[in-house]
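Numbers restart at 1 for each chain; the letters A, B, ... are given by sequence-line order, proteins then strands.
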Amino acid sequence: MNKILEKKELCEKVHQFRIDAPRLVAKAKAGQFVILRKDEKGERIPMSIGGLDRKNGILTVVIQEVGKTSAAMNTMKAGDYFLDVVGPLGLPSHVEKFGNCICIGGGVGIPPIYPIAQALRDAGNHVTTIIGARTRGLLIFEKELGEASNRILISTDDGSYGTHGFVTTILKKLIDDGEKIDMVICVGPVPMMKAVVNTTREPKIKTFVSLNPIMVDGTGMCGACRVTVGGKTRFACVDGPDFDGHEVDFDEMTKRMKMYVAEEKISYDRFKADHNCRLEKQIEQLNK
Amino acid sequence: MTDESKNQNQLSRKERMAIPRQKMPEQDPNERKKNFREVPHGLTPEMAIMEARRCIACPKPKCKEGCPVEVDIPAFIALVEQGKFSEAARKIKENNALPAICGRVCPQEEQCEKVCVLTKKYGSVGIGNLERFVADYEREHNEIEIPKLPPKTGKRIAIVGSGPAGLTVAADLALLGHDVEIFEALHKTGGVLIYGIPEFRLPKNIVAKEVDYLKQLGVKVHTSYVIGKLDTVDELIEKEGFDAVFVGTGAGLPNFMKIEGENLNGIYSANEFLTRSNLMAAYDFPDCDTPIKVGKNVAVLGGGNTAMDSVRTALRLGAENAYIIYRRSRTELPARIEEIHHAEQEGVQFNFLTAPIKYIGDENGWVKAMECIRMELGEPDSSGRRRPVVIEGSNFVLPIDTVVVAIGNSSNPLIPQTTPGLKTNKWGNIEVDPKTMLTSRPGVFAGGDIVTGGATVILAAGAGKVAARAIHRYVMGMPLIDPETEKAEKAETAEA
């Protein structure tokens, strides 16, 4: 049982949780992940670490509502408890002195970039962070990442803020402008990671991607998270989550992540119906 | 009830041997394949007494030697015959903390029952059924007694993993007065007993009750606590102040066949399939949140108990055709006879001498068929079993929606990777001295599947027994093996 100390909405359907987890926070390193379970009937879902407050033993995770479990978690409040917070799991991101590093985050892949950028900068690297969102209102962690990086560059699909375009629009410009880039690390939706990897492939820039496939136990026991990397099957939970992006079979991964689309819909629809029902009752009572 | 008043001495051997083995009542196969309730109902008290009467109390009982944890089988059976069921359960618990579990999942036919003198002519005494009966009786009648514990020794032992090995070590050491703490990575206690063995073979409330018993003995359990990630084995000793550590983390990583198309959707490892169904209660979806996919045609690869558990689970989850695909023949099936029998009764279709060579997927990445090849048996291999040899040109395609790969596990690397100096063999299993279960690291012991590779519940419990004895001696500052025992053993070897 881990207590939620703080919770706030970062943008529509995206909530930040600060969770009391002193032992986990003392051990966790940038790039690792945790598994959360809300309640007795809940799924075990992997979540990236979006911040480590070592002084106070507080773990930050950012949850975007995409289905029943995330929606239910986002109804939790400060003072509530997650039934299980397991971790730190997976291997930490590769941190050493590379030189000029580019950290790229998209969507809820932005928060995990924050501890990674911090660690890379602490290791003596020059860190540029590129973050992107569909529109300005959905952009999160700009302040934190601005502080953690030497330079922050922003893109929005609709041009409402920063560069009009994608994170790869910015990345490509840096490469075309002749900036010497020693390493790129990217966390985000699969299409974004795939686009980043395709951008760095030809200039042969070392590119790490952090994968978040479907998992159950997160300790290597089940193999749900298998991904093909360099033609070999690897388990993202124990061999990753970071892999050499140029070796990852993203098409396979995209298909594997759709394995339970039908079930997710059943669950989510049921949840929304229940939830609306409850809200209506509350409104009815208030009206009385 | 005049028969029942006759005590052990009044029945002649002949009379005893004339009693037929009592058949345990079971759920009807057509009914049970639609539910997850336990298959056998258990013996009635009358049946148990009748079965106990079959024991002829041999002067040199072989059954006891046949038991990996040396339960005093004749003594507990004598108590059953007298109707002292709970006393019988306590007699077993002197050696085995988990009788309700072992009574259900031990391969008795390979152990105690195999060496019973009645086995050949009359069928062995139903030792496993009796063990299960007395453990259930004691629990259901709330007669579980907590034995009087000796004074605290002040020694602290950490146990990594709460499967059968870890639970056994925990019980034995708690009974000796040590402070025992279990660290379990998953959110429930019991390891393979919880995530692996299905409800219809081992009800989860029984595992929970046996774990409760350990807690009553003073054992502390930490769940969702991944050793190797949160604390390392070294930190347990150096920072947390444990005097010894036992590693019983089980067979961790599922093996795949490394054939084309294995990462298509719809292909599970047995670990994942069973974990979803058992630990996460996916059979209850959408009331429980974890889903599982079971199509019309399900193929399970392998012939062990895990394969039988998977294929029977698939039937219960709605498979119309549930196949076992096994590359050798029926005689080589490693599963328990009872499990094979149950699977057949429920309508599982066995494809012997068949091996998959690749999977065929649809455009969305779902498996839709499996190309197989027929095998024949050749010369015996190193395991003594006849080696399956491919029959060239015998390829055929089997339409399939779901596959469960149940061909065994490799050891989980979390502990070996994070424990410097811990020696492992080429399969990644931890090396131990079989007499003490001591690893290459002082104060660190290991047992169960992490040492042997995939084996059985009772072998893990047996290893736990050996380890517990040695750990006790280690923390109390005694030589790990009792010098007297060692002397006696040496003398025996010299004689031989």
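- For the residue pair B:Ala185 and A:Val86, the shortest heavy atom distance occurs at O-CG1, 4.0 Å.
- If you measure heavy-atom distances from B:Leu414 to chain A, the contacts under 4.5 Å come from the side chain alone.
- Not one N or O on the side chain of B:Asp231 forms a donor-acceptor pair closer than 3.5 Å with the backbone of B:Ile227.
- Remark: the B:Ser410 side chain and the B:Asn255 side chain contain an N/O donor-acceptor pair separated by less than 3.5 Å.
- With respect to A:Arg18, the side chain to side chain contact (heavy atoms under 4.5 Å, CB included) criterion is satisfied by exactly one of A:Asp53, A:Leu59, A:Val61: A:Asp53.
- Looking at A:Lys77 and A:Glu6, no side-chain N of the basic residue comes within less than 4.0 Å of a carboxylate O on the acidic one, giving no salt bridge.
- Among the candidates A:Lys258, A:Glu264, A:Arg44, A:Lys38, the residue making the largest number of heavy-atom pairs closer than 4.5 Å to chain B is A:Arg44.
- Of the two parts of A:Arg23, the backbone and the side chain both hold a non-hydrogen atom closer than 4.5 Å to a non-hydrogen atom of chain B.
- The candidate with the highest count of non-hydrogen atom pairs below 4.5 Å against chain B, out of A:Lys68, A:Gln32, A:Arg37, is A:Arg37.
- Within the 4.5 angstrom heavy-atom criterion, atoms from both the backbone and the side chain of A:Lys41 approach chain B.
- Within the 4.5 angstrom heavy-atom criterion, only backbone atoms of B:Glu363 (N, CA, C, O) approach chain A.
- Per-residue heavy-atom pair counts under 4.5 Å with chain A were compared for B:Asn271, B:Asn364, B:Asn265, and the maximum is reached by B:Asn265.
- Residues B:Ala270 and B:Val404 share a closest heavy-atom pair of CA-CG1, 3.5 Å.
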Give every donor-acceptor pair under 3.5 Å between a side-chain atom in residues 212-238 of chain A and any protein atom, sequence neighbours left out.
from	atom 1	to	atom 2	distance (Å)
A:Asp217	OD1	A:Cys222	N	3.1
A:Asp217	OD2	A:Thr219	N	2.8
A:Asp217	OD2	A:Thr219	OG1	2.5
A:Asp217	OD2	A:Gly220	N	3.3
A:Asp217	OD2	A:Met221	N	3.0
A:Arg226	NE	B:Asn263	OD1	2.8
A:Arg226	NH1	A:Gly223	O	3.1
A:Arg226	NH2	B:Glu262	O	2.8
A:Arg226	NH2	B:Ile267	O	2.9
A:Thr228	OG1	A:Glu252	OE1	3.0
A:Thr228	OG1	A:Glu252	OE2	2.8
A:Thr228	OG1	B:Asn263	ND2	3.1
A:Thr233	OG1	B:Asn263	ND2	3.2

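- Both the backbone and the side chain of A:Leu24 come within less than 4.5 Å of a heavy atom in chain B.
- Between B:Phe242 and B:Ala158 the shortest heavy-atom distance is CD2-N, 3.4 Å.
- Between chain A and the options B:Val226, B:Ile292, B:Val405, B:Asp287, the largest number of non-hydrogen pairs under 4.5 Å is found for B:Asp287.
- Comparing A:Gly42, A:Gly67, A:Ala26 by heavy-atom pairs within less than 4.5 Å of chain B, the highest count is held by A:Gly42.
- Interface remark: B:Phe256 contributes side-chain atoms only to the contact with chain A (heavy atom separation under 4.5 Å).
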